[in-house]
Amino acid sequence: MKDIPTKYDPQKKEDEIYSAWAKAGLFNADENSAKDPYCIVIPPPNVTGILHMGHALNNTIQDILIRWKRMNGFETLWMPGTDHAGIATQNVVEREIAKEGLKRQDMGRENFLKKVWEWKEDYGSTIIRQLKRLGCSCDWDRTRFTMDEGLSNAVKEVFIRLYEDGLIYKGDYIINWCPRCGTALSDEEVEHRDTDGMLYYIKYPVQGKKKLEKENEDYVVVATTRPETMLGDVAVAVNPKDPRYESLKGKKLILPILKRELDIVFDEDVDPEFGTGALKVTPAHDPVDFEIANKHGLASVNVMNPDATINSVGGNYEGMDRFECREAIVEDLKQRKLFVRYEEHEHAVGHCYRCHVVVEPRLSKQWFVKMGPLAKDAVRVVKEQKVKFYPDRWTKVYLNWMENIRDWCISRQIWWGHRIPVWYCSDCLKYADVRDVDINGPGGKGVYVGKDAPKACPTCGGNNMEQDPDVLDTWFSSWLWPFSTLGWPEDTKSLETFYSTDVLVTAQEIIFFWVARMIMAGLKFRGDIPFKDVYIHGTVRDATGTKMSKSLGNVIDPLDVIKEVGSDALRFSIISITSQGQDVFLSRDKFDIGRNFANKLWNASRYVLMNLDEDVLEGELDAKALSLSDLWILSSLNDCIDKVNKSLERYRFNDATAALYEFIWHKYCDWYLEISKMAKDKKTTQKVLVKVLTRSLQLLHPIMPFITEEIWQKVPGKTSKWITTSEWPSREEKFDDSEARENMELMIAVISALRNVRAFWNIGQASKVDVVLDVSSSVEEKLLERTTPYIEQLGRCSVKEIGKNVTRPEQSVAALVGGVKVFVPLGGAVDLDKERKRVEKKVEELGKYLLSIEKKLANKAFTDKAPEDVVQKEKSKQERFRAERANLQENLAALQ
RNA sequence: GGGCGCGUAGCUCAGCUGGUUUAGAGCGCUACCCUUACAAGGUAGAUGUCGUAGGUUCGAAUCCUACCGCGCCCACCA
């Protein structure tokens, strides 16, 4: 008799167990191992972040895979780490110093960065701690950070290689500019939101016309959503085929307010259908306009400062914020009778993904990566299925993006990040602002690209080299993650062993940012794919379907859930409600699934372990010596093993939880445990109980690591010290006895039928009923005789007679189970009306089914074309229904 | 403007390559049970024209088409 606490306390136990695992070094991977490697690289969370439900789902999935493979004998490496999240982290620290009234510019670059590092030291391990709390079995000794020396070295190496290959360039283009963060963003970092805006119609006078009477003769009307950008207009463009504007050839327009002279240019790209068909051209603030301007050799006029206030070009508007200026300009135009009208206009407006401020398209000198050449191979490997997406539909999304890929703006005007490894010589290059230096200038003179600061200018030998002030996009380090974390550019044993990794588990939001770029980087720098499978799980949303985010305040904090029900329950719950790739709609009560299941498992284990004789334990089970129920539960276990394996192989995690839930709860607990209470062969039963329990624990361990380990530790005579490193169960064919299963199922059906009759006729639990069993074969007779004790106990009855053609007891009803009729005398007063109603209803139902079956069988096409077994099934179904119907009617007659 | 996903029991959802499903689970609901592992439990039960309309097929919740609702992603129409 073992003493096992009635309640399991996840709060206390989960921490204890995790420490024990860590101490035993169970998660450490050995690159020199002879075993097959299996590697997953964690999608690095933001170093300033805290664990949210998305992380919980993402990491639970990875942990399930890693633990499953570990138990299957693979040398597993789950590579953890965090990324420095340039803009986000800098924003956090800036907010922090703002409390002391400071700006980063006041502190200076060096001091500010010191502050960020301090912040990272203080808070950067929060998310790591939380991942441990979730149970993640990462090899924490290998934890990497994108700003580590090794990874920084990889970043520089990559920059230099791309530069030397001509795939990195610097130039003036329209980029997405976040006025609040004060930096350029890549296209992927802009979130487009449909916004109800206005389309403003404005008159631009034709040069020399005093009175503005006739449209397209005295003036032209242009339509714009952003009137403030007119300060930067250099032309008006119309479609050459547009008859309305033919007469304007050779004429000029006057920009209202600023009185700038504007060309009229004719360009095919202008859509005559939109607005008035006349497009104001603002090359410095719109990508389309920029292109048109380039084609027609027009200059650009930048009208904004980095913070999106109007600069000196704007005259009276100088210093105004862009939206303030918009209103002011509209007002002024109205005054001057140049404003025609506005209409409501919905359009997509870009917002910064970090601070959500409206992004400003802005002409600026930035660094770019040429993506076309990199994308080619990345498209190929996916088309050739070397990299596979699960679910498959993401393949199309990926390919569509890849095939229309645009160059990647990688420079950021912030301080926290990998500084661009380029130095300029102020002696060779005369520049006012170092950021404006054009590296594509004459022969690259005075420019140095390398890992470390040059001692002297390679061109003139001078000592006045200044490093480019910008840093690189954080994703420029993340895209190297699968190999940089393994030691690249060094040729390490880790790389050799674990690259390519096996699977990447991530959310759809990150396909373009990260997945696609990792594939490109892997192929370019390692010559091989970074991972074979990409599993895209759903987005975690709240009950209303909104994405969970801190700013919306609709989050369910996983740590709160863990506090309440434990990490195991959180994991089991979230996995069981997540079907492949479908979004997850969460609410608090969902976590009861896991909590209740953990409770059930704990109590069942208590029962098994408490009633164990000391000398039971191991020893092979002889299939021939096993009872019906033993064989039944053992072969059901075989099925469960198959289902779990198959589900995990196909990334169908909820199927695995469903199979385990069904097996452990409804087969093992509901039936086998109950039957075990009256087993004759105690020793064998105990052996089976323990065997099935330990196997179940193992199968469940990847999903619920803690409680399974806790129970495992209490199992006597276990084969492995830790369940974590125990050998994954495999099916044992010798227990697959289909006859035993059929018989057991018949017994279960008989008992269920008895219970049904009892409930329907309100025969109280306390009173035993007498039962007579009528069988149609001697096999059934033998079986029922053998299992009488179980039927009596679980069906709460006393079996009076078993046989062929037994006499039906007076005033009895019969439940029909296969070929067995279960007669239950009702005794006392019988409510005939009640029975009649029930019978009528059922007969009607059965009649419906029978009719459809008859129709089917009468159809020659069906009997000819359908497979034999399907037809046979229909026939036996028909027989069954007929027998059932006859039985019901007999019941009614017998009671009258 | 393109692409994708979803509409199945009161609620939240499973249901993979058409026929072992007389459409399932969990929660909720009803009735009866503190049966010595578990009331976070046990037993039994009720509730569905599988969004609508067509089509393919001997056979469709499952495949095709259109439509209606809901949601997401991508896109330089100012």
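By convention in this document, chain letters (A, B, ...) are assigned in the order of the sequence lines, proteins followed by strands, and residues within each chain are numbered from 1. Side chains are part of it too, since the values below use all heavy atoms of this structure and drop only hydrogens, waters and symmetry mates.
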Quiz prompt | Under 3.5 Å donor-acceptor pair, A:Arg652 side-chain atoms to B:C16 base atoms | solution =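 Under the 3.5 Å cut-off, the side chain and the base do not form any donor-acceptor pair.
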Quiz item: Is A:Glu273 side chain donor-acceptor paired with the B:A78 base, going by distance under 3.5 Å alone?
Solution: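 Absent.
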Please report, rounded to the nearest Å, how far the [atom2] atom of [N] is from the [atom1] atom of [X].
| X | N | atom1 | atom2 | value |
| --- | --- | --- | --- | --- |
| A:Gln878 | B:U20 | CD | P | 16 Å |
| A:Glu742 | B:U20 | CD | C1' | 13 Å |
| A:Leu673 | B:U36 | CG | P | 14 Å |
| A:Lys873 | B:U20 | NZ | P | 7 Å |

Nucleotide opposite [N] in a Watson-Crick or G-U pair, distances under 3.5 Å:
| N | result |
| --- | --- |
| B:G1 | B:C74 |
| B:G24 | B:C13 |
| B:C34 | none |
| B:A66 | B:U52 |
| B:G45 | B:C29 |

If I pick the [atom1] atom on [M] and the same atom on [N], what distance separates them, to the nearest angstrom?
| N | M | atom1 | answer |
| --- | --- | --- | --- |
| B:U65 | B:C6 | P | 14 Å |
| B:G26 | B:A14 | P | 16 Å |
| B:G7 | B:C50 | P | 14 Å |
| B:C76 | B:G2 | P | 16 Å |

Self-check item: Under 3.5 Å side-chain donor-acceptor pair for A:Tyr204 and A:Asp233
Solution: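 There is such a pair (donor and acceptor under 3.5 Å, judged by atom type) between the side chains of A:Tyr204 and A:Asp233.
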Practice problem: Could you tell me whether A:Lys388 sits above the aromatic face of A:Tyr535, with NZ or CZ closer than 6.0 angstrom to the six-membered ring centre and within 45 degrees of the axis? | Solution: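 Judged by the rule (NZ or CZ under 6.0 Å from the ring centre, within 45° of its axis), A:Lys388 is not positioned above A:Tyr535.
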Quiz prompt | Lys NZ or Arg CZ of A:Arg517 over A:Phe512 ring: under 6.0 Å, within 45° | solution =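 The answer is no; the distance or angle limit is not met.
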Exercise. Please name the pair of heavy atoms, one in A:Leu660 and one in A:Phe597, separated by the smallest distance, quoted to 0.1 Å.
Key: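 Closest heavy-atom pair between A:Leu660 and A:Phe597: O-CZ, 4.2 Å.
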Quiz item: Are any of A:Lys877's side-chain N or O atoms less than 4.0 Å away from OP1 or OP2 of B:U22?
Solution: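 The answer is yes; a side-chain N or O of A:Lys877 sits under 4.0 Å from OP1 or OP2.
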Quiz item: Would you say B:G42 has OP1 or OP2 under 4.0 Å from some side-chain N or O of A:Lys600?
Solution: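 Yes, because at least one side-chain N or O of A:Lys600 sits under 4.0 Å from OP1 or OP2 of B:G42.
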Quiz prompt | Comparing A:Asp589 and A:Lys280 on RNA chain B - which has the more 5′ nearest nucleotide | solution =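 Residue closer to the 5' terminus by nearest nucleotide: A:Asp589.
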Quiz prompt | Side-chain donor/acceptor of A:Gln686 to backbone N/O of A:Asp613, under 3.5 Å | solution =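 Confirmed, A:Gln686 side chain pairs with A:Asp613 backbone.
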